[in-house]
**Student:** 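Encoded as structure tokens, here's the structure I'll be asking about.
Proteins get letters first, then strands, A, B, ... in listed order; numbering begins at 1 in each.
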Amino acid sequence: MALPSARMLDIKLLRTEPDLLVSTLRDRGVRLFEDLTEGDWARASVDRLAELDGQYRSLLQEEESIRREMNENATAMKAVGKLPKEEQAAARTPLIEAGRVLREREKDIKVKAEAAMNARDEAWGHMPNITHPDAPRGHTDDDHRTTHTWGTPRDFESEGFAARDHLQIAEDLDLVDFAAGSKVVGAKFYYLKNDAVLLDLALQRFALDIAAKHGFTLHITPDLARVDILQGLGFNPRGESTQVYSIADSDLCLVGTAEITLGGMFADSILDREELPILVAGLSHCFRTEAGAAGKESRGLYRVHQFTKVELFAFVEGDLEVSEAMHERMRDIEEEIFQKLELPYRVLDIASGDLGGPAYRKYDIEAWMPGRGEYGEVTSTSNCTDYQARRLRVRYRTEAPADGKKSKGKNRFVHMLNGTAIANTRTILAVLENHQQEDGTVRVPEALRPYFGKDAISRR
RNA sequence: GGAGAGGUGUCCGAGUGGUUGAAGGUGCCAGACUCGAAAUCUGGUGAGGGUUUACGCUCUCCGAGGGUUCGAAUCCCUCCCUCUCCGCCA
């Protein structure tokens, strides 16, 4: 399903809204060209893009005009068959000769046009999505806007004991085996043990039930996907600082999230409008290389190479009002989950520089993590508008305008949204740390007990 | 892993190297009939790109990529995928 060219944003924006693209690049801090990084690099980048686009289009027109001549030549050849037999040979000869010449010219121009297109798309492919007007602008973690908080972190001091971090709790209750993980696989792999196994499964089931309650169709997805699907969703498996594990001698990658497998489900298809919105939830394992992520957050379960996650995904009509409403809804579902788990959190409206390529707007939920004494990311939900849909060609047929005319509906790109229901390791971390008790056990929140089967996590 | 079949438009499904962008059906839209609906009948309906104020003109697309030819859905090569049967296996 190779794409003719990478069209992450509507290329027409380059001709109609260059200023919007300039501010997009500026807000996101995305440099498209290595030699354009100083001064008004954003403006210069868009100018160069426009130039590359112009070069391609003029070559394309040249190529098409030759094609038309070739077609005319072939049509003329057909007419020869109607001439008297003795005249046919004489009529054919010049046409065959003309056809040969045209074919050579076409081959030549085709190579040039293709090269021009690749040059344009190479740069265009790195153009990120435009940004929601209300999303904060900036490039550091301090630029995120806290929209609201929920719950109050416990005051362990007043409760009379010192909070332990999840590593300590896990060791005390024999819940995680990091040593075996690094021996058998490598650093940042782990085995869950004992009650942690049951907690992991309980969280999965708990999240799936909430997803189903909200109308999401449940899936267990593959843990691998093709490279072109990953690219369609805006992931870069080939980059040098990639987060993606690739399978040798194949075009497959281990998925870093079920966003990939869910989002790819309708690649290359035209949906009926009545089917929308399509809400799917997917349970998958997630694999991340975490290249260059060594540092203070690397201990324990916070940043690991493999975890299990329940992901929410939505395909909605290609209308900002619709997708923005769905985005709020997905964030609400995430909040519902963490409220039921009784975990204090704050919600961040992510700043432009940290949105990544596909997202138009992104909300993160950060749960309170007593072991670190700060909030840490546990979920993330993005409205990617039509950015991913363009590359994957996920469209839907709009209704014909009710004007009584014979005009029919147009095909439009859907808007695609994703969000975390539960990322297991980080949620386990938050549950252990927030609900630890003085006696060393961990209280299981009410909502989770039917799934966990007990009211406390304890040592076996 | 062995043997075979096939990949065509929203979907299903025809297709002889040259009025085939593609029969037929389905779906959809409009109209007729009807109190209304169903059924029936008539007509219209593929996608993407370039160009144009617009009407329009034009290019590409029949799994993907090459090749043969004046001309390829149709012939050749490579690859991918799907299905059926057999074997193996959780």
Side-chain angles (χ1 to χ4, degrees), chain A residues 1-16 50 52-83 88-107 109-114 116-118 120-121 124 220 222-229 231-232 247 249-252 264-276 278 315 318 386 389-414:
Chain A
M1 58 153 293
L3 292 163
S5 61
R7 300 275 160 71
M8 301 174 96
L9 270 183
D10 189 350
I11 191 81
K12 283 179 181 141
L13 287 173
L14 188 53
R15 301 156 207 168
T16 58
L52 289 169
D53 183 46
Q55 284 167 2
Y56 162 63
R57 282 189 297 155
S58 93
L59 282 164
L60 179 66
Q61 282 169 43
E62 210 175 320
E63 183 188 353
E64 289 188 350
S65 132
I66 293 174
R67 284 247 176 73
R68 199 185 63 203
E69 285 185 61
M70 291 170 76
N71 290 338
E72 285 167 358
N73 193 250
T75 307
M77 181 66 87
K78 263 190 303 193
V80 169
K82 289 174 180 145
L83 294 174
Q88 287 188 9
R92 269 199 190 103
T93 311
L95 288 175
I96 290 176
E97 196 41 48
R100 286 206 177 113
V101 171
L102 283 169
R103 193 166 62 191
E104 290 313 307
R105 282 176 60 201
E106 199 265 350
K107 268 182 188 164
I109 197 80
K110 184 181 177 181
V111 170
K112 287 180 184 155
E114 237 172 55
M117 185 183 79
N118 289 339
R120 181 194 71 178
D121 287 347
W124 185 247
I220 292 178
D223 289 336
L224 281 75
R226 292 179 200 290
V227 168
D228 47 8
I229 296 289
Q231 288 170 334
I247 307 294
D249 302 320
S250 79
D251 62 347
L252 298 175
M265 287 177 79
F266 299 104
D268 228 351
S269 47
I270 300 177
L271 304 164
D272 283 331
R273 186 185 194 175
E274 296 78 58
E275 299 178 71
L276 301 176
I278 294 175
F315 301 85
D386 62 2
R390 272 178 200 285
R391 293 199 92 185
L392 293 168
R393 284 166 305 186
V394 187
R395 290 158 296 169
Y396 68 104
R397 197 176 298 287
T398 60
E399 280 160 20
D403 57 4
K405 296 293 178 201
K406 281 172 184 163
S407 55
K408 55 194 279 300
K410 287 204 61 159
N411 293 335
R412 294 189 59 190
F413 292 107
V414 298

**Student:** Using atom P in both nucleotides, what's the gap between B:rG44 and B:rA23 to the nearest angstrom?
**Tutor:** 13 Å
**Student:** Evaluate the side-chain contact (heavy atoms from CB on, under 4.5 Å) criterion for residues A:D228 and A:D251: first the C-alpha distance (whole Å), next the side-chain angles of each, then the deciding distance (0.1 Å), finally the verdict.
**Tutor:** CA-CA 8 Å; A:D228 47 8; A:D251 62 347; 5.5 Å; no
**Student:** What integer number of Å spans the C1' atoms of B:rA37 and B:rA73?
**Tutor:** 43 Å
**Student:** Could you work out which one of B:rU60, B:rG49, B:rG48 sits closest to the side chain of A:N411?
**Tutor:** B:rG48
**Student:** Determine whether more than 12 heavy atoms belonging to other residues, nucleotides or ligands lie under 6.0 Å from atom CD1 of A:I109.
**Tutor:** yes
**Student:** Using the P atom as the point on both nucleotides, what is the distance between B:rG7 and B:rC57, in whole Å?
**Tutor:** 33 Å
**Student:** Between B:rC61 and B:rG9, how many Å separate the two C1' atoms, rounded to a whole number?
**Tutor:** 11 Å
**Student:** Identify the nucleotide, in any strand shown, that forms a Watson-Crick or G-U wobble pair with B:rU20, with both distances under 3.5 Å; if there is none, say none.
**Tutor:** none
**Student:** Considering every strand shown, what is the Watson-Crick or G-U wobble mate of B:rU69 when both distances are under 3.5 Å?
**Tutor:** none
**Student:** My understanding is that only residues two or more places apart in sequence, or in another chain, count here; which of them pass ring-ring contact (aromatic ring centres under 6.0 Å, His included) with A:F266?
**Tutor:** A:F315
**Student:** Take nucleotides 69-81 of chain B nucleotide by nucleotide from the 5' end and write B, S or -, depending on whether a protein heavy atom sits under 4.0 Å from the base, only from the sugar-phosphate, or from neither.
**Tutor:** BBS---------S
**Student:** How close or far is atom P of B:rC59 from atom CG of A:L102, stated in whole angstroms?
**Tutor:** 13 Å
**Student:** Applying the Watson-Crick and G-U wobble criteria at under 3.5 Å, what pairs with B:rU10? Answer none if nothing qualifies.
**Tutor:** none
**Student:** Return the pairing partner of B:rC35 with a 3.5 Å limit on both distances, Watson-Crick or G-U wobble; otherwise return none.
**Tutor:** none
**Student:** Pairs of donor and acceptor atoms involving the side chains of residues 96-106 of chain A, under 3.5 Å and at least two apart or interchain, shall be tabulated with distances.
**Tutor:**
| residue | atom | partner | partner atom | Å |
| --- | --- | --- | --- | --- |
| A:E106 | OE2 | A:R67 | NE | 2.8 |
| A:E106 | OE2 | A:R67 | NH2 | 2.7 |

**Student:** Under a 3.5 Å cut-off for both contacts, is B:rU53 paired Watson-Crick or G-U wobble with anything, and if yes, with which nucleotide?
**Tutor:** none
**Student:** Would you measure the distance from the C1' atom in B:rG87 across to the matching atom in B:rG1 and give it in whole Å?
**Tutor:** 8 Å
**Student:** Of the options B:rA47, B:rU60, B:rU51, whose atoms approach the side-chain atoms of A:R15 most closely?
**Tutor:** B:rU51
**Student:** Do you know which of A:L276, A:I278, A:N411 makes side-chain contact (heavy atoms from CB on, under 4.5 Å) with A:Y396?
**Tutor:** A:L276
**Student:** What does B:rC79 pair with, Watson-Crick or G-U, if both distances are under 3.5 Å?
**Tutor:** B:rG63
**Student:** Could you tell me which nucleotide pairs with B:rC88 by Watson-Crick or G-U wobble geometry, both distances under 3.5 Å, or answer none if nothing does?
**Tutor:** none
**Student:** On RNA chain B, does the nearest nucleotide to A:E64 precede the nearest nucleotide to A:E114 from the 5' side, or the other way round? Give the residue.
**Tutor:** A:E64
**Student:** My understanding is that a pair needs two contacts under 3.5 Å, Watson-Crick or G-U wobble. By that rule, which nucleotide pairs with B:rU42?
**Tutor:** B:rA30
**Student:** So which nucleotide from B:rU10, B:rU68, B:rG49 ends up closest to the side chain of A:K107?
**Tutor:** B:rU68
**Student:** Rounding to the closest angstrom, what is the interatomic distance between B:rU20 and B:rG46 at atom C1'?
**Tutor:** 14 Å
**Student:** May I have the distance from A:L271 (atom CG) to B:rU10 (atom C1'), rounded to whole angstrom?
**Tutor:** 10 Å
**Student:** Hey, which sits more toward the 5' end of RNA chain B by its nearest nucleotide, A:T75 or A:E72?
**Tutor:** A:T75
**Student:** How far does the P atom of B:rU16 sit from the matching atom of B:rG67, given to the nearest Å?
**Tutor:** 25 Å
**Student:** Picking from B:rU58, B:rA47, B:rG50, which would you name as closest to the side chain of A:R68?
**Tutor:** B:rU58
**Student:** Taking any heavy-atom pair under 4.0 Å as a contact, classify A:N71: base, sugar-phosphate, or nothing.
**Tutor:** sugar-phosphate
